[in-house]
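Reviewing the structure listed below.
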Amino acid sequence: MELEGQIALVTGASRGIGKAIAQTLGARGATVVGTATTEAGAGSITDALHAQRSKGKGVRLDVRLAENIESVIADIEKTYGPVTILVNNAGITQDNLAMRMKEAEWDAVIDTNLKSVFQLSKAVLRGMIKARAGRIINITSVVGSTGNAGQINYAAAKAGIAGLTRSLAREIGSRGVTVNCVAPGFIDTDMTRVLPEAQRAALLPQIPLGRLGSPEEVAAVVGFLASPQAAYITGATLHVNGGMYMS
């Protein structure tokens with residue numbers, strides 16, 4: 001229970017990697033507030049946390065809207081106290097070839113995947129700096145390092161998160177707040193299960209470990225970065241991709 005007393009906010013926590021992260025942090029003692037875009041999704045987060053006897057709840061949040069973020073942060077602070085662990089996990093894809101990509105597809109992905117990281121981080125910084133402690137953990141992607149045809153919006157957002165992370169880490173490191181990235185590769189989630197079998201078969205030879213990762217394997221790395229043992233790591237990107245990308 002090394003995270004006992006910590007207040008964690010995890011965006012996009014109703015399924016997949018986000019759900020695994022919320023449950024991992026909760027199991028380690030943190031009070032977890034997980035966000036979803038619907039009331040049903042928020043309810044499923046609450047149910048999952050209570051089922052494992054963890055503290056916290058799910059809430060509805062549109063991460064693109066600053067006023068929604070401010071309202072959720074204010075409610076967390078009133079109910080539990082200042083956020084001490086922020087996990088920016090919420091994200092979407094709207095894939096298309098560059099010459100066919102609509103401006104709306106670009107904007108939707110950049111606003112949801114990148115701008116929200118700035119807005120949420122800014123919203124919790126005052127409390128973390130005042131406490132001279134905190135963890136901000138941003139979920140990026142292997143695609144942010146390798147690129148991927150048909151995903152210029154997604155790759156740009158994920159690469160931007162890594163740059164934001166390094167810059168913010170330099171700004172607030174002296175205040176005891178760490179900022180890091182976790183970059184998953186291809187993980188066995190709802191999003192990858194819909195890939196055609198031929199595409200999945202072509203993908204596996206690119207992964208030295210020869211398999212997709214699990215959400216729990218990504219969540220374990222997030223749990224480490226949130227822990228006291230990671231106090232001297234900041235500005236880093238930890239790749240969880242089975243060797244698909246090495247740096």
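Only this structure's heavy atoms are used, side chains among them; waters, hydrogens and symmetry mates stay out.
No side-chain heavy atom of Thr189 sits less than 4.5 Å from a side-chain heavy atom of Arg15. Side chains of Leu65 and Asp62 form a contact here, defined as non-hydrogen atoms less than 4.5 Å apart. Side-chain contact between Ile45 and Val59 is absent, with no heavy atoms from C-beta onward closer than 4.5 Å. Contact check for Val10 versus Leu25: side-chain heavy atoms found under the 4.5 Å cut-off. Looking at heavy atoms from C-beta onward, Val32 lies out of side-chain contact with Ile21 at the 4.5 angstrom threshold. Contact check for Ile73 versus Val124: side-chain heavy atoms found under the 4.5 Å cut-off. Between Val63 and Asn88 the shortest side-chain heavy-atom distance does not fall below 4.5 Å. In this structure the side chain of Val218 reaches within 4.5 angstrom of the side chain of Val182, judged on heavy atoms.
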Check against salt bridge (charged side-chain N to carboxylate O under 4.0 Å, His left out), Lys115 and Asp107: CA-CA 10 Å; Lys115 187 177 180 180; Asp107 289 344; over 6 Å; no
Worked check of side-chain contact (heavy atoms from CB on, under 4.5 Å) between Glu2 and Gln229: CA-CA 10 Å; Glu2 62 189 358; Gln229 289 75 29; 3.2 Å; yes
Chi angles and distances behind the side-chain contact (heavy atoms from CB on, under 4.5 Å) call for Ile187, Ile17: CA-CA 8 Å; Ile187 306 300; Ile17 292 171; 4.1 Å; yes
Worked verdict on Arg100 versus Glu105 for salt bridge (charged side-chain N to carboxylate O under 4.0 Å, His left out): CA-CA 10 Å; Arg100 297 177 183 170; Glu105 293 171 329; over 6 Å; no
Steps toward side-chain contact (heavy atoms from CB on, under 4.5 Å) verdict (Asn89, Ile137): CA-CA 8 Å; Asn89 170 73; Ile137 303 163; over 6 Å; no
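Taking a cutoff of 4.0 Å between a charged side-chain nitrogen and a carboxylate oxygen, Glu70 and Lys122 do not qualify as a salt bridge. Salt bridge annotation for Glu4-Lys55: present, with a cationic side-chain nitrogen under 4.0 angstrom from a carboxylate oxygen.
Nearest heavy atoms, Gln119 versus Ala66: NE2-CB, 3.7 Å.
Here the straight-line distance linking atom CG of Asp95 with atom CG of Asn148 works out to 8.0 Å at 0.5 Å rounding. The line from CG of Asn153 to CE of Met101 is 3.5 Å long, rounded to the nearest 0.5 Å. Summarising the geometry, atom CD1 belonging to Ile136 is positioned 4.5 Å from atom OG belonging to Ser121; distances are rounded to the nearest 0.5 Å. The CZ atom of Arg211 sits 13.0 Å away from atom CG of Leu203, with the distance rounded to the nearest 0.5 Å. Between the OG1 atom in Thr237 and the OH atom in Tyr245 there is a gap of 9.0 Å [rounded to 0.5 Å]. In this structure, Ile172 CD1 and Thr234 OG1 are separated by 7.0 Å, a value rounded to the nearest 0.5 Å.
Ile152 and Val143 sit in two unconnected hydrophobic clusters of ILVMFWY residues. Membership requires side-chain heavy atoms under 4.5 Å apart, directly or through other members. Using a 4.5 Å cut-off between side-chain heavy atoms of Ile, Leu, Val, Met, Phe, Trp and Tyr, with links allowed through other members, Leu114 and Val87 fall into different hydrophobic clusters. Hydrophobic clustering of Ile, Leu, Val, Met, Phe, Trp and Tyr side chains at less than 4.5 Å, counting indirect connections, keeps Leu225 apart from Val142. In terms of hydrophobic clustering, with Ile, Leu, Val, Met, Phe, Trp and Tyr side chains grouped at heavy-atom distances under 4.5 Å, Ile92 and Phe186 are assigned to different clusters. Both Val177 and Val83 are assigned to one and the same hydrophobic cluster, defined by single-linkage of ILVMFWY side chains at heavy-atom distances under 4.5 Å.
Checking Thr165 against Asn138 by side-chain atom types alone, a donor-acceptor pair falls below 3.5 Å.
The only member of Thr140, Leu164, Leu238 that meets side chain to side chain contact (heavy atoms under 4.5 Å, CB included) when paired with Cys181 is Thr140.
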